[in-house]
Amino acid sequence: MELKRKYVNGMNEQGDFDPSSPPPFRIADIRAAIPKQCWIKNTWRSMSYVFRDVSVVFALAVAAVYCNSWLFWPIYWFAQGTMFWAVFVLGHDCGHGSFSDNALLNSVVGHILHSSILVPYHGWRISHRTHHQNHGNVEKDESWVPLPENIYKKLDTSTRLLRFTVPFPLFAFPMYLWYRSPGKEGSHFNPYSNLFSPQERKLVMISTACWSTMAIILTYVSFTVGPSHMFKLYGIPYLIFVIWLDLVTYLHHHGHEQKLPWYRGKEWSYLRGGLTTVDRDYGLFNNIHHDIGTHVIHHLFPQIPHYHLVEATKAAKLVIGKFYREPKKSGAVPFHLIKNLITSLAQDHYVSNSGDIVFYQTDLNLFQLLSLAKYE
C-alpha cells in the first residue's frame, strides 16, 4: 500500500524541501506576478536582433575568406557556430509566436533563419510545441526524454555509448531530426510522420522543401569553391552550432545538483512539469544567444519575448520560491557546465517502468560494459 506524503509549501514531514511535491501556487499566480510589459511583443525590436545576428554572420564569413589563415580559422569556427546558435534561437522564437504578433512574419522569418542552418522550420516547431506542452512527462515529452528501464535495456552497447559518453550526445541533433529518439518513431522531414496531424502536413512539406533548397545551394557552392573550403566556412560552424544546441537543451532538463522528478499519469500537470526545468547562466553568451538560459519562465510562458525573460523571471521567483533553482553564477565562459554535463551523463540513464513520480537511475555496469566493448 502506497503511503500518501504530506507537504506544506513543498516541505515534507521531516522539514526537507521535496521538488516533487505539489506546488502551493497556481500557474495563474505566476502569470499575475509578471509585469504587463513583459507580454508585449515589439516586432521592430525582434527584427533588430535578426539584423544584428545576420550582420555578424556575414561579417565573420567575409573576414574568414579575406584572412584565410589557420590562426584565424579556429576563432571563426567558434564565433560563427555560436552565431548560428543565436540565429536558431530567433527562429525558435518565431515558432513560439513570441517574435511578433504577425503569424505570417513569424513563418517567413522563421523559415529563412532555420533553413539557413539546416533546420526544418515547421517540422521542428511542431515537435518543439509538443515538448513544451508535455514538459516533464516521461510518456509524452519530446526532447531528451528519459528512457524507461525496459527500453533502455534493449539498447545495444554502441547505442548506449553514443547516448551517454561525451562528446557523442553533443552531436545528436541531426540524427534526432531524421529519426527522433530511441523508443519513438518518425522524422521531422516526413509530413506523414506521427509527429504531425493531417492538417499540418502541408506546412511540413513547405519546410522540407525550404531545407532541401538550402541543401542544394550549399552543395552548389561547395562544388564552386571546393568541398574543403566549404567545410571550413560552413561545415565546422554548423557542428559548433549543433554542440551548442545539444548542450543547452540537455542541461535545461538535466544535470541539476539535486535530482529532479519526472511524471506520469495523474501526477503530471503543465505547472509541475514546467517547474522541473532548470535555468542556466552562460556568462558573456547570455546576451549573444538571447537569454535562452532563463528557461523556467520560457517553458511556462513561451509567448513572452526573449528580451523580457530576465525581468519576468525576477518577478516570478517571488511566487515560485524554492521551486525555482537559482543558476550557478558563471564566469565569462561557462566552463562549470561541463561538470554538470559529464556528471549527468554518468548517472542519469533510465527511469522506472512504473510509478507516476520517478527519478533517474544509474546503470552501474554501463561504463564497465563499454570498456569491455572496446576490446571485443
Side-chain angles (χ1 to χ4, degrees), residues 16-17 19-20 74-75 77-89 92 131 135-136 143-146 161-173 236-237 239-262 274-300 306-307 309-314 316-317 320-349 359-363 366-367:
D16 300 319
F17 175 72
S20 68
I75 299 171
W77 291 332
F78 180 77
Q80 191 71 295
T82 301
M83 291 312 302
F84 280 15
W85 164 236
V87 165
F88 173 87
V89 174
H92 151 275
H131 165 54
H135 44 212
S143 178
W144 293 113
V145 190
L161 171 64
L162 292 172
R163 187 174 177 90
F164 297 108
T165 306
V166 176
F168 301 115
L170 298 178
F171 297 97
F173 182 63
I236 297 179
L239 293 176
I240 299 297
F241 148 62
V242 168
I243 290 172
W244 266 116
L245 188 150
D246 283 320
L247 174 71
V248 171
T249 55
Y250 182 87
L251 288 178
H252 282 163
H253 300 275
H254 298 77
H256 191 261
E257 287 73 12
Q258 179 186 24
K259 281 192 178 290
L260 300 178
W262 288 78
L275 292 175
T276 66
T277 59
V278 181
D279 278 12
R280 299 291 186 183
D281 182 7
Y282 297 97
L284 65 84
F285 299 98
N286 286 329
N287 179 263
I288 295 173
H289 62 201
H290 309 295
D291 291 314
I292 195 66
T294 48
H295 209 64
V296 177
I297 293 305
H298 165 65
H299 247 270
L300 291 172
H306 74 263
Y307 41 83
L309 284 174
V310 172
E311 181 183 2
T313 297
K314 184 177 180 181
K317 286 194 295 184
I320 298 174
K322 292 194 177 212
F323 287 87
Y324 178 79
R325 288 160 285 278
E326 197 73 40
K328 183 177 179 179
K329 192 69 177 173
S330 175
V333 180
F335 290 120
H336 68 287
L337 294 179
I338 297 174
K339 179 181 177 181
N340 293 92
L341 175 69
I342 294 174
T343 301
S344 177
L345 289 173
Q347 297 178 353
D348 300 337
H349 298 149
F359 295 81
Y360 266 113
Q361 299 180 43
T362 303
D363 179 359
L366 173 61
F367 292 101

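All heavy atoms count here, side chains included; hydrogens, waters and symmetry mates do not.
- In this structure, OH on Tyr250 lies 12.5 Å from CG on Leu337, to the nearest 0.5 angstrom.
- His290 NE2 to Leu309 CG: the interatomic distance, rounded to the nearest 0.5 Å, is 12.0 Å.
- Using a 4.5 Å heavy-atom threshold, the side chains of Val278 and Leu251 count as separate.
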Thr82/Trp244 under side-chain contact (heavy atoms from CB on, under 4.5 Å): CA gap, chis, key distance, verdict
CA-CA 7 Å; Thr82 301; Trp244 266 116; 3.0 Å; yes
Step-by-step side-chain contact (heavy atoms from CB on, under 4.5 Å) determination, Leu345 to Val166:
CA-CA 8 Å; Leu345 289 173; Val166 176; 3.4 Å; yes
What's the verdict on side-chain contact (heavy atoms from CB on, under 4.5 Å) for Thr313 and Tyr324, showing C-alpha distance, side-chain angles and the deciding distance?
CA-CA 10 Å; Thr313 297; Tyr324 178 79; 3.8 Å; yes
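- Side-chain atoms of Asp281 never come within 3.5 Å of backbone atoms of Lys329 as a donor-acceptor pair (strictly under, hydrogens ignored).
- A distance of 6.0 Å separates CZ in Phe171 from CG in Leu239, rounded to the nearest 0.5 Å.
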Audit row: Ile292, Trp85, side-chain contact (heavy atoms from CB on, under 4.5 Å) steps and yes/no:
CA-CA 11 Å; Ile292 195 66; Trp85 164 236; 4.1 Å; yes
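- Of all heavy-atom pairs spanning Ser330 and His336, the tightest one is CB-CE1, 3.4 Å.
- Remark: His256 NE2 to Asp279 CG distance equals 10.0 Å, nearest 0.5 Å.
- Looking at Asn286 and Val310, their side chains never come closer than 4.5 Å, going by heavy atoms from C-beta outward.
- Ring centroids of His135 and His295 are separated by 6.0 Å or more, keeping the two rings apart.
- A donor-acceptor pair under 3.5 Å is formed between the side chain of Thr249 and the backbone N or O of Leu245.
- If you look at His306 and His298, their ring centroids are not closer than 6.0 Å.
- For Arg325 and Glu257, the salt-bridge test fails: no basic side-chain N is under 4.0 Å from an acidic carboxylate O.
- Residues Phe164 and Asp348 come closest through the heavy atom pair CE2-O, 3.4 Å.
- In terms of modelled atom types and a separation under 3.5 Å, the side chain of Thr343 and the main chain of Asn340 share no donor-acceptor contact.
- Two residues are said to be in side-chain contact when any heavy atoms from C-beta on lie closer than 4.5 Å; Tyr307 and Asp291 fail this criterion.
- Between the CD1 atom of Ile288 and the CE atom of Met83 there is a distance of 7.0 Å, given to the nearest 0.5 Å.
- When all heavy atoms of His289 and Tyr282 are compared, the closest pair comes out as NE2-CD1, 3.4 Å.
- Minimum interatomic distance between Pro19 and Phe323 (heavy atoms only, all atoms of both residues): O-CE2, 4.1 Å.
- Lys317 NZ: more than 12 foreign heavy atoms inside a 6.0 Å radius.
- Residues Lys259 and Phe359 share a closest heavy-atom pair of O-CE2, 3.7 Å.
- Residues Trp144 and Trp262 approach most closely at O-CH2, 3.9 Å, considering heavy atoms.
- Rounding to the nearest 0.5 angstrom, the gap separating the CD1 atom in Ile320 from the CD1 atom in Ile297 is 4.0 Å.
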